[in-house]
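Only one structure is covered here, and it is reproduced in the block below.
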Amino acid sequence: MEMMSGAEMVVRALTQIGVKHIFGYPGGAVLDIYDALFEAEGIEHLLVRHEQAAAHMADGYARATGEVGTVLVTSGPGATNTITGIATAYMDSIPMVILSGQVPTSVIGEDAFQECDMVGCSRPVVKHSFLVKKAEDIPATIAKAYHIAATGRPGPVVVDLPKDIVNPKEKHPYVFPDSVQMRSYNPNVKGHKGQIKKALQTLLEAKQPVLYIGGGAIAANCSDLITAFAERLNLPVTNTLMGLGAFPGTHKQCVGMLGMHGTYEANKTMHNSDVIFALGARFDDRVTNNVQKFCPNATILHVDIDPTSISKTVSAHVPIVGSVDQVLADMTEMLDASGDSTDAQALAAWWTQIEEWRGQNCLAYAKSDKVIKPQQVIESLYKATKGEAYVSSDVGQHQMFGALYYPFAKPRRWINSGGLGTMGFGFPAAMGVKVALPDSVSVCITGDGSIQMNIQELSTCMQYGIPVKIISLNNQALGMVRQWQDLIYGGRHSHSYMESLPDFVKLVEAYGHVGIRVSDPAELDEAMEKCFAMKDKLVFMDILVDQNEHVYPMQVKYGAMDDMLLSKPESK
């Protein structure tokens, strides 16, 4: 029996699980773990400048690869600084394990220096959490944490490690489990055959069906299966913000993103459908608008691995609990066996109607030779990267412009905070992508507000040579806040202007990177090409865009899905 300290157990367990990268920040409660990590081989630790960024880096790492991201932080403020990142991962079902230090077990509850109840603080925003009280339990607990994070509906798991159980002077037998089994945790991945058959029959009888794809389809790694199924039945397909790329945005059957800033054709197709086949989507409020007016004539077929997500906001007529890949594989097998098909004549008429809605050309915008439009920036980015980049985004107008004007043809290429809407997410997430996939092109679309929330990570990029590209749409304001103030608050811009902005080019150069400022539309494409030609350098593009531009389409608040504004209303 091999004898180890608790700190050594932590590192050995991570190695056996296959962890290659840890994002973290040391402190007193975890110094024994860091000392053990000093001797470890095969694991690279990246020292961030703020613990929130560590969580976002691990998150971006996980979204791009499907693997579990790993965070290591100290107790108290080190741990609590990760809460926003944990909540971000939780809302979007991203697998992540957060190893947090804790004060010694003997003083827990006594308000010791840098003590905080991390299990209690994180409880609302984790899939599960552990407070380990004995060193012998460390290997099995870490194995369970990674298993829980990655299986079923993925999510973040916290493992809180008191300082005394990782004491390097105390040795204990190290036993790593051959497999993980928990009586209380057995996620169902196989859907009910009877329900699947019923859903298929309903779909085949539909006259105006639509396939509605969410982030769960990306987590299930079944984009090819979805594409083949949609093509076989000639179904129109719409993706949620989290589901972009699960079905190619460049495909002729894709009607675009749906929801609050979805395309006219996507929202019209949903509202007028008679059957909605939802795969790994949760019918959140940014999709449905007013639930009472949501798709009044539609029969809802809902597949999700999380039973609590089904009929949570919109009642499903045919609920199926299971993983999207398993359910769709079984449905395809049933389709093969039956030889049935959809109503070709009805579908032809349905597509004719959809093409009329497409004819509205809802993403058209007026260009200018004097000021850069934010839409132009995303189109220029798409052209420079040939649509192949991993694009992380912060939250705001730039996020919606990115989602609408960069059609993602592959899954896991769009990295964004969909559920929590976390400003400051994009830059560290892009860093995590680049660490995971060093040969990829990793881009962060951001704004002058969001970028300043984790801009200190420019230092981390310099230390570890992480050459991400940052495309900042600088409108000197909190753009989405100001848009709402224009539309709802009579143009009263209460605290939404970003005054006293830094010279971003000089700031980036101070960190040792390359800064480019662009304000002339005629120079945009050339500057973008120059940016991406510098493959081994972090480049920050400070692009001055039209301050008055809004994101459209936009649903009318409290309306139905197809109640939409396609352009800025005339001022009264």
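Only heavy atoms go into these numbers, but all of them, side chains included; no hydrogens, no water, no symmetry mates.
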Is [X] reaching over with its side chain to a backbone N or O of [Y], donor-acceptor style, under 3.5 angstrom?
| X | Y | value |
| --- | --- | --- |
| Ser311 | Ala316 | yes |
| Asn289 | Val556 | yes |
| Asp274 | Gln208 | yes |
| Asp563 | Lys557 | no |
| Asp160 | Phe130 | no |
| Thr263 | Ala266 | yes |

Would Thr299 and Thr202 count as a side-chain hydrogen bond (donor to acceptor under 3.5 Å, both in side chains) if you check the C-alpha gap in whole Å, the side-chain angles of each, and the deciding distance to 0.1 Å?
CA-CA 8 Å; Thr299 298; Thr202 303; over 6 Å; no
Between Arg153 and Ser93, do the side chains contain a donor N or O and an acceptor N or O under 3.5 Å apart?
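Indeed, the side chains of Ser93 and Arg153 share at least one donor-acceptor pair under 3.5 Å.
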Taking atom types as modelled and ignoring hydrogens, do the side chains of Gln485 and Ser496 form a donor-acceptor contact shorter than 3.5 angstrom?
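Yes, side-chain donor-acceptor contact under 3.5 Å.
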Answer whether the closest heavy-atom distance between the side chains of [X] and [Y] falls below 4.5 Å.
| X | Y | answer |
| --- | --- | --- |
| Met564 | Met554 | no |
| Tyr552 | Tyr264 | no |
| Tyr212 | Leu258 | yes |
| Val391 | Ile445 | yes |
| Val255 | Trp357 | no |
| Asp394 | Gln399 | no |
| Gln253 | Asn234 | yes |
| Ile310 | Val321 | yes |

Cation-pi geometry met for Arg413 and Phe408 (6.0 Å, 45°)
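No, Arg413 does not lie over the aromatic ring of Phe408.
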Lys/Arg N to Asp/Glu carboxylate O, [X] vs [Y], below 4.0 Å:
| X | Y | result |
| --- | --- | --- |
| Glu265 | Lys268 | no |
| Glu388 | Lys410 | yes |
| Lys207 | Asp343 | yes |
| Lys568 | Glu549 | no |

Please report whether the ring centroid of Phe283 lies less than 6.0 Å from that of His302.
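His302 vs Phe283: aromatic centres under 6.0 Å.
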Centre-to-centre under 6.0 Å for Phe401 and Tyr406, is that the case here?
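No; Tyr406 has its ring centre 6.0 Å or more from that of Phe401.
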[X] and [Y]: which non-hydrogen atoms are nearest, and at how many Å?
| X | Y | answer |
| --- | --- | --- |
| Val189 | Gln326 | O-CB, 3.3 Å |
| Gly418 | Leu241 | CA-CD2, 4.1 Å |
| Asn416 | Arg63 | O-NH1, 2.7 Å |
| Ala89 | Pro156 | C-CD, 4.1 Å |
| Leu244 | Ala403 | CD1-CB, 3.7 Å |
| Val324 | Ala220 | CB-CB, 4.1 Å |

For the pair Gln375 and Glu379, evaluate side-chain hydrogen bond (donor to acceptor under 3.5 Å, both in side chains) and give the outcome as yes or no after the intermediate values.
CA-CA 6 Å; Gln375 300 93 323; Glu379 290 174 339; over 6 Å; no
Using the side-chain hydrogen bond (donor to acceptor under 3.5 Å, both in side chains) rule, take Gln555 and His261 through it: C-alpha gap first, then chi angles, then the decisive distance, then the call.
CA-CA 7 Å; Gln555 287 177 333; His261 288 289; over 6 Å; no
Out of curiosity, Ile98 CD1 to Ile83 CD1, how far, rounded to the nearest 0.5 Å?
8.5 Å
Is it the case that more than 12 heavy atoms not belonging to Tyr185 sit under 6.0 Å from its OH atom?
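For Tyr185, atom OH is crowded (more than 12 foreign heavy atoms under 6.0 Å).
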